[in-house]
Amino acid sequence: AQLRDDARSNAPVDTGELRDSIKVRGGDGYRIVLADARHAFFVEFGTSDTAPQPYMWPAASAASVAMTEAFEEIGRPFR
């Protein structure tokens, strides 16, 4: 759950509600990382009164780079 941990470490902390709401959910063969605090979207993308404070997007971007590197290392089996 590296993406979850990175998102939590990126999340701005006032009360800790946002950070603590970041979780991994999923089922057979898939996982979703989400923040279910009511203000999660507004923190990530900002509002007319506040600047965005991205926490999920940087974590997802870093995970994407790591995944790409891992696939390049093992090769592409489905060519």
For Ile32, the other hydrophobic cluster members (4.5 Å side-chain criterion, sorted by chain and number) are Tyr30, Leu34

In chain order, what residues pass the side chain to side chain contact (heavy atoms under 4.5 Å, CB included) check against Ser21, with sequence neighbours excluded? Leu18, Ala35, Asp36, Ala37

What side chain to side chain donor-acceptor pair (under 3.5 Å) pairs are there with at least one residue in residues 42-55, not counting sequence neighbours? Thr47-Thr50

Shortest non-hydrogen contact between Ala7 and Ala59, atoms and distance: N-CB, 3.5 Å

Distance (rounded to the nearest 0.5 Å) between Ile22 CD1 and Asp5 CG: 10.0 Å

Would you say that His39 contacts Glu17 through its side chain, given a criterion of any heavy-atom pair below 4.5 Å between the two side chains? yes

Those residues that, when tested against Asn10, pass side-chain hydrogen bond (donor to acceptor under 3.5 Å, both in side chains) (two or more places apart): none

Shared hydrophobic cluster, Val43 / Phe41 (ILVMFWY, side-chain heavy atoms < 4.5 Å): no

For Arg19, check side chain to side chain contact (heavy atoms under 4.5 Å, CB included) against everything at least two apart and list the hits. Arg8, Ala11, Val13

Sorted by chain and number, sequence neighbours left out, ring-ring contact (aromatic ring centres under 6.0 Å, His included) with Phe42 holds for none

